[in-house]
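Scroll down for the structure; my scribbles are underneath it.
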Amino acid sequence: MGLLAFLKTQFVVHLLIGFVFVVSGLIINFIQLCTLVLWPVNKQLYRRLNCRLAYSLWSQLVMLLEWWSRTECTLFTDQATMQRLGKEHVVIILNHNFEIDFLCGWTMCERFGVLGSSKVLAKRELLCVPVIGWTWYFLEIVFCRRRWEEDRDTVVRGLQRLADYPEHMWFLLYCEGTRFTEKKHRVSMEVAASKGLPVLKYHLLPRTKGFTTAVQCLRGTVAAVYDVTLNFRGNKNPSLLGILYGKKYEADMCVRRFPLEEIPLDEKEAAQWLHKLYQEKDALQEMYAQEGVFPGQQFKPARRPWTLLNFLFWATVLLSPLFSFALGVFASGSPLLILTFLGFVGAASFGVRRLIGVTEIEKGSSYGNQEFKKKE
């Protein structure tokens with residue numbers, strides 16, 4: 001085992017990476033707070049600045065995937081779609097089966113220059129999560145409680161505000177609403193059967209309200225819907241902890257572009273279109289399970305150096321004073337100072353682990369289990 005491979009397995013290194021991410025995130029949040037004075041004066045300048053501030057934070061996570069674990073990402077699509085990536089406002093529909101599916105999505109955003117301006121329909125609980133939720137707030141991310149009667153007006157207003165967004169925007173939707181588990185899949189297919197909808201093998205039944213509302217509100221802004229179907233070679237099920245330990249994965253993403261004009265205007269017809277799309281996604285996953293590849297031409301967009309350079313900048317700025325402080329504490333010989341410092345390290349370890357836990361499937365939301373509980 002080489003030195004770098006050994007370092008990737010050490011918890012203290014993971015802790016330092018987490019320290020850089022959290023502290024830089026809090027600094028970025030403070031700067032974002034200061035930019036609020038620009039909103040009434042120059043809204044578009046505020047947005048452009050916050051896109052770049054968000055990039056400085058999210059690119060640290062992308063760096064872990066691209067440079068730390070050296071995970072490969074391959075696109076299966078056509079040349080015409082490749083030429084449009086990153087050059088238009090779009091809605092992205094991505095399957096929600098893996099702990100790092102969001103990270104693979106962000107990697108593609110980074111490689112096509114839209115990471116800072118990427119959007120998502122997020123659960124409102126994340127708004128209270130330091131760094132992640134606070135950054136999204138300043139980015140005008142649309143938050144919802146997952147109760148459509150309460151969410152509709154909030155979601156519509158949030159989407160309408162994005163109509164004049166100055167940067168190319170990728171709006172990511174997880175139409176399944178929650179990550180795939182066998183328990184949720186069983187309940188979801190019972191619901192599908194009761195509604196006369198086709199059974200899906202690899203996906204949960206899509207929730208159509210968010211999609212149809214997004215398409216209606218963003219007509220005239222977004223040019224297309226990109227359907228992205230993700231899987232990993234070797235039947236791997238990667239995790240963020242695996243990425244931190246430097247495990248290399250090979251992600252394959254089938255990308256299909258649908259011009260927005262092809263999406264029906266009528267809400268019920270648009271919902272039917274989405275159900276049909278998920279039947280096609282299921283067929284793509286079945287093909288991948290049988291043959292190990294998706295249809296289409298293969299492309300491997302090149303990594304850009306900016307994620308690595310950004311992380312090295314923050315690591316230099318934040319770790320140098322941390323090491324100096326730690327040396328000073330231990331050099332003082334004061335038991336109180338040393339115990340306080342070790343307590344801080346323990347608290348930081350707990351905080352980093354909790355942040356990682358947000359991505360874990362077994363600690364995911366209970367959304368999708370309500371009907372199961374009723375049946376119990």
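The first residue of the sequence shown is numbered 1, and numbering continues consecutively from there. No experiment lies behind these values; they were computed from the predicted model shown.
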Q: Examine the side chains of S332 and S334 and answer whether a donor and an acceptor come within less than 3.5 Å of each other.
A: no
(Q) Are there over 12 heavy-atom neighbours, none belonging to K8, within less than 6.0 Å of that residue's NZ? (A) yes
Q: Could you tell me whether R70 atom CZ has more than 12 heavy atoms of other residues or ligands within 6.0 Å of it?
A: no
Q: Starting from the C-alpha separation in whole Å, work towards a yes-or-no answer on side chain to side chain contact (heavy atoms under 4.5 Å, CB included) for F98 and F180.
A: CA-CA 8 Å; F98 305 98; F180 184 101; over 6 Å; no
**Q.** Minimum heavy-atom distance K300-T74, with the two atoms named
**A.** CE-OG1, 3.1 Å
**Q.** Geometric cation-pi criterion K236 and F232, 6.0 Å radius, 45° cone
**A.** no
Q.
Using the rule that Ile, Leu, Val, Met, Phe, Trp and Tyr join whenever any side-chain heavy atoms are under 4.5 Å apart, tell me whether V199 and Y202 fall into a single cluster.
A. no
Q: Would you please name every residue forming a salt bridge (Lys or Arg N to Asp or Glu O under 4.0 Å) with K119, sequence neighbours left out?
A: none
Q: State plainly whether one hydrophobic cluster holds both W68 and L240, where clusters connect Ile, Leu, Val, Met, Phe, Trp and Tyr through side-chain heavy atoms under 4.5 angstrom apart.
A: yes
Q) Sub-3.5 Å donor-acceptor pair from the side chain of R304 to the main-chain atoms of E110, do we have one? A) yes
(Q) Taking salt bridge (Lys or Arg N to Asp or Glu O under 4.0 Å) as the definition, give me every residue that meets it alongside E286, ordered by chain and number, with sequence neighbours left out. (A) K201
**Q.** Nearest heavy atoms of A214 and L159, plus distance in Å
**A.** CA-CD1, 3.5 Å
Q | Inter-residue atom distance Q60.CD - I28.CD1, 0.5 Å rounding | A | 6.5 Å
Q. Taking 4.0 angstrom as the limit, do E176 and R207 come out as a salt bridge?
A. no
Q.
Tell me if a side-chain donor or acceptor on S320 pairs with a main-chain N or O of T316 at a distance below 3.5 Å.
A. yes
Q.
Taking W67 as the starting point, is it possible to reach L241 by hopping between hydrophobic residues whose side chains are less than 4.5 Å apart?
A. yes
Q. Between R303 and E66, is there a donor-acceptor pair closer than 3.5 Å when you use the side chain of the first and the backbone of the second?
A. yes
**Q.** Heavy-atom donor-acceptor pair, Y249 side chain to L65 backbone, under 3.5 Å
**A.** no
Q: Report the distance from atom CG of L127 to atom SG of C144, rounding to the nearest 0.5 Å.
A: 11.5 Å
Q: Would you kindly say whether N29 and Y137 are connected by a side-chain donor-acceptor distance under 3.5 Å?
A: no
Q: Of all the heavy-atom pairs spanning M169 and H89, show the shortest one and how long it is.
A: N-ND1, 3.0 Å
Q) Can the ring centres of W106 and F102 be said to be less than 6.0 Å apart? A) yes
Q. Have Y226 and E88 got a donor and an acceptor in their side chains that come within less than 3.5 Å?
A. yes
Q) How far apart are the closest heavy atoms of I141 and A122, and which atoms are they? A) CG2-CB, 4.1 Å
Q | N95 and H203 side chains, donor-acceptor separation under 3.5 Å | A | no
Q.
For a side chain to side chain contact (heavy atoms under 4.5 Å, CB included) check, start with the C-alpha distance between F76 and D252, then their side-chain angles and the critical distance, and finish with the verdict.
A. CA-CA 7 Å; F76 292 75; D252 289 333; 3.5 Å; yes
**Q.** No-hydrogen, no-angle side-chain donor-acceptor test under 3.5 Å, S117 and W170
**A.** no
Q: For V225 and V90, run side chain to side chain contact (heavy atoms under 4.5 Å, CB included): C-alpha distance rounded to whole Å, both residues' side-chain angles, the deciding distance at 0.1 Å, then the answer.
A: CA-CA 6 Å; V225 171; V90 298; over 6 Å; no
**Q.** Transitive ILVMFWY side-chain link F299 to L94, under 4.5 Å
**A.** yes
Q. Checking side chain to side chain donor-acceptor pair (under 3.5 Å) against Q285, which of T229, N97, N231 comes through?
A. N231
Q) Do you reckon I93 sits in the same ILVMFWY cluster as Y288, going by side-chain contacts under 4.5 Å, direct or chained? A) no
Q. If you take all heavy atoms of L308 and M63, which pair is closest and at what distance?
A. CA-CG, 3.9 Å
Q.
Looking at W306, is its backbone amide N or carbonyl O close enough to the side chain of N310 to form a donor-acceptor pair, meaning the two atoms are under 3.5 Å apart?
A. no
Q.
Looking at R47 and E140, is any side-chain nitrogen of the basic one under 4.0 Å from a carboxylate oxygen of the acidic one?
A. yes
Q. Where the side chain of T135 meets the backbone of V131, is there a donor-acceptor pair that is under 3.5 Å apart?
A. yes
Q) With distance as the sole test, does T77 use its side chain to make a donor-acceptor pair with the main-chain N or O of V255 at under 3.5 Å? A) yes
(Q) Looking at every non-hydrogen atom in both residues, tell me the closest pair between P166 and R48 and how far apart they are. (A) CB-NH2, 3.4 Å
Q) Once you round to the nearest 0.5 Å, how far does OH of Y165 lie from CZ of F171? A) 12.0 Å
**Q.** Residues E267 and K209 bridged, charged N to O under 4.0 Å
**A.** yes
Q) For D164, does the CG atom sit with more than 12 other heavy atoms under 6.0 Å from it, leaving out its own atoms? A) yes
Q: Look at D227 together with R257 and state whether they make a salt bridge at an N to O cut-off of under 4.0 Å.
A: no
**Q.** Separation between CD of Q216 and CZ of F211, rounded to the nearest 0.5 Å
**A.** 10.0 Å
Q: Check whether any side-chain N or O of K87 sits under 3.5 Å from a backbone N or O of Q83 as a donor-acceptor pair, and report yes or no.
A: yes
Q) Nearest 0.5 Å, what's the CH2-CD distance between W39 and Q44? A) 8.0 Å
(Q) Looking at S56 and L53, would you say the former's side chain and the latter's main chain have a donor-acceptor pair under 3.5 Å? (A) no
Q: Taking H185 for its side chain and L200 for its backbone only, find out whether a donor-acceptor pair lies under 3.5 Å.
A: yes
Q) Nearest 0.5 Å, what's the CD-CG distance between Q272 and L277? A) 13.5 Å
Q. Would you say the ring centroid of H168 lies under 6.0 angstrom from that of F112?
A. no
Q: Determine the interplanar angle of the Y174 and H96 rings, folded into 0 to 90°, and report it as parallel if under 30°, tilted if 30 to 60°, perpendicular if over 60°.
A: parallel
